[in-house]
Amino acid sequence: QVQLVESGGGLVRAGGSLRLSCVASDRTFRRYFMGWFRQASGKEREFVAGIRLNGLTTYYVDNVKGRFTISRDNAKNTVYLQMNSLKPEDTAVYSCAASDGYSTSRLDYAYWGQGTQVTVSS
């Protein structure tokens with residue numbers, strides 16, 4: 001069972017940047033499709049970005065395309081989410097998750113981190 005720990009959240013002004021990291025507990029990390037999800041207050045958790053095992057194919061929800069970049073370093077058991085041009089509507093708890101294959105549904109992800117808060121002020 002892989003354990004995931006996120007870091008890098010915080011408070012930033014609109015237009016600013018943050019880089020989230022998610023470290024996995026062991027090398028089984030490289031077997032999983034990795035996703036980032038977010039949940040704003042009072043809303044459902046939504047898929048933000050995902051990346052295949054080899055790191056060459058990525059997926060994004062439309063409203064972050066061109067602003068967010070997901071990447072992974074299998075040697076470090078880590079997946080990243082670089083967030084640029086942040087907007088107040090990006091405010092949410094961001095969580096990384098591991099799945100056996102590509103999916104945008106939170107129901108298909110077996111392993112989750114505890115989440116990290118991102119707050120974007122206007």
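- With salt bridges taken as basic N to acidic carboxylate O contacts below 4.0 Å, none links K87 and D90.
- In this structure, CG on L53 lies 9.0 Å from CZ on F33, to the nearest 0.5 angstrom.
- More than 12 heavy atoms of other shown residues, nucleotides or ligands fall within 6.0 angstrom of atom CD in E89.
- Tested against L20, the residues T116, V79, V48 include a single side-chain contact (heavy atoms from CB on, under 4.5 Å) partner, T116.
- Considering every non-hydrogen atom in both C22 and L4, the closest pair reads SG-CB, 3.9 Å.
- Linking Ile, Leu, Val, Met, Phe, Trp and Tyr residues whenever their side-chain heavy atoms come within less than 4.5 Å places V64 and V12 in a single cluster.
- Environment of CZ in R30: crowded, with over 12 heavy atoms of neighbouring residues, nucleotides or ligands closer than 6.0 Å.
- For the pair R45/R38, no side-chain contact is recorded, criterion being any heavy-atom separation below 4.5 Å from C-beta on.
- Considering every non-hydrogen atom in both S95 and G115, the closest pair reads OG-CA, 3.5 Å.
- Between the SG atom of C96 and the CD atom of Q114 there is a distance of 7.5 Å, given to the nearest 0.5 Å.
- Residue A92 comes nearest to A40 through the heavy atom pair CB-N, 3.7 Å, listed as atom of the first residue, atom of the second, then distance.
- Looking at R67, its side chain does come within 3.5 Å of a backbone N or O of N63 through a donor-acceptor pair.
- Between the CE atom of M34 and the CG atom of L81 there is a distance of 11.5 Å, given to the nearest 0.5 Å.
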Trace of the side-chain contact (heavy atoms from CB on, under 4.5 Å) decision for Q1 with Y111: CA-CA 8 Å; Q1 181 174 352; Y111 305 108; 3.2 Å; yes
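- The two residues D73 and F29 have their closest heavy-atom pair at O-CE2, 4.1 Å.
- Taking CH2 from W36 and CD from E46, the interatomic distance works out to 14.5 Å, rounded to the nearest 0.5 Å.
- Between Y59 and F47, the distance from one ring center to the other does not fall under 6.0 angstrom.
- Looking at heavy atoms from C-beta onward, R19 lies out of side-chain contact with T69 at the 4.5 angstrom threshold.
- Contact annotation: the side chain of I51 never approaches that of T57 to less than 4.5 Å [non-hydrogen atoms, C-beta and beyond].
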Worked check of side-chain contact (heavy atoms from CB on, under 4.5 Å) between Y102 and R52: CA-CA 7 Å; Y102 164 75; R52 290 197 178 271; 3.6 Å; yes
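- Heavy atoms of other residues, nucleotides or ligands lying less than 6.0 angstrom from CG of D108 number more than 12.
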Passes ring-ring contact (aromatic ring centres under 6.0 Å, His included), F37 versus W112? Steps please. CA-CA 10 Å; F37 288 76; W112 291 84; 4.9 Å; yes
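- S17 and N84 share a side-chain donor-acceptor pair at under 3.5 Å.
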Would R13 and V120 count as a side-chain contact (heavy atoms from CB on, under 4.5 Å) if you check the C-alpha gap in whole Å, the side-chain angles of each, and the deciding distance to 0.1 Å? CA-CA 5 Å; R13 291 186 176 181; V120 184; over 6 Å; no
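- Rounding to the nearest 0.5 Å places OH of Y94 at 12.5 Å from CD of E6.
- Closest non-hydrogen pair, A14 versus S122, comes out as CB-CA, 4.4 Å.
- The line from OG1 of T91 to CG of L86 is 8.5 Å long, rounded to the nearest 0.5 Å.
- Within the 4.5 Å cutoff, no side-chain heavy atoms of T78 are placed close to those of R72.
- Y60 and Y109 sit in two unconnected hydrophobic clusters of ILVMFWY residues. Membership requires side-chain heavy atoms under 4.5 Å apart, directly or through other members.
- The cluster map of Ile, Leu, Val, Met, Phe, Trp and Tyr, joined by side-chain heavy atoms under 4.5 Å apart, puts V23 and Y80 in different clusters.
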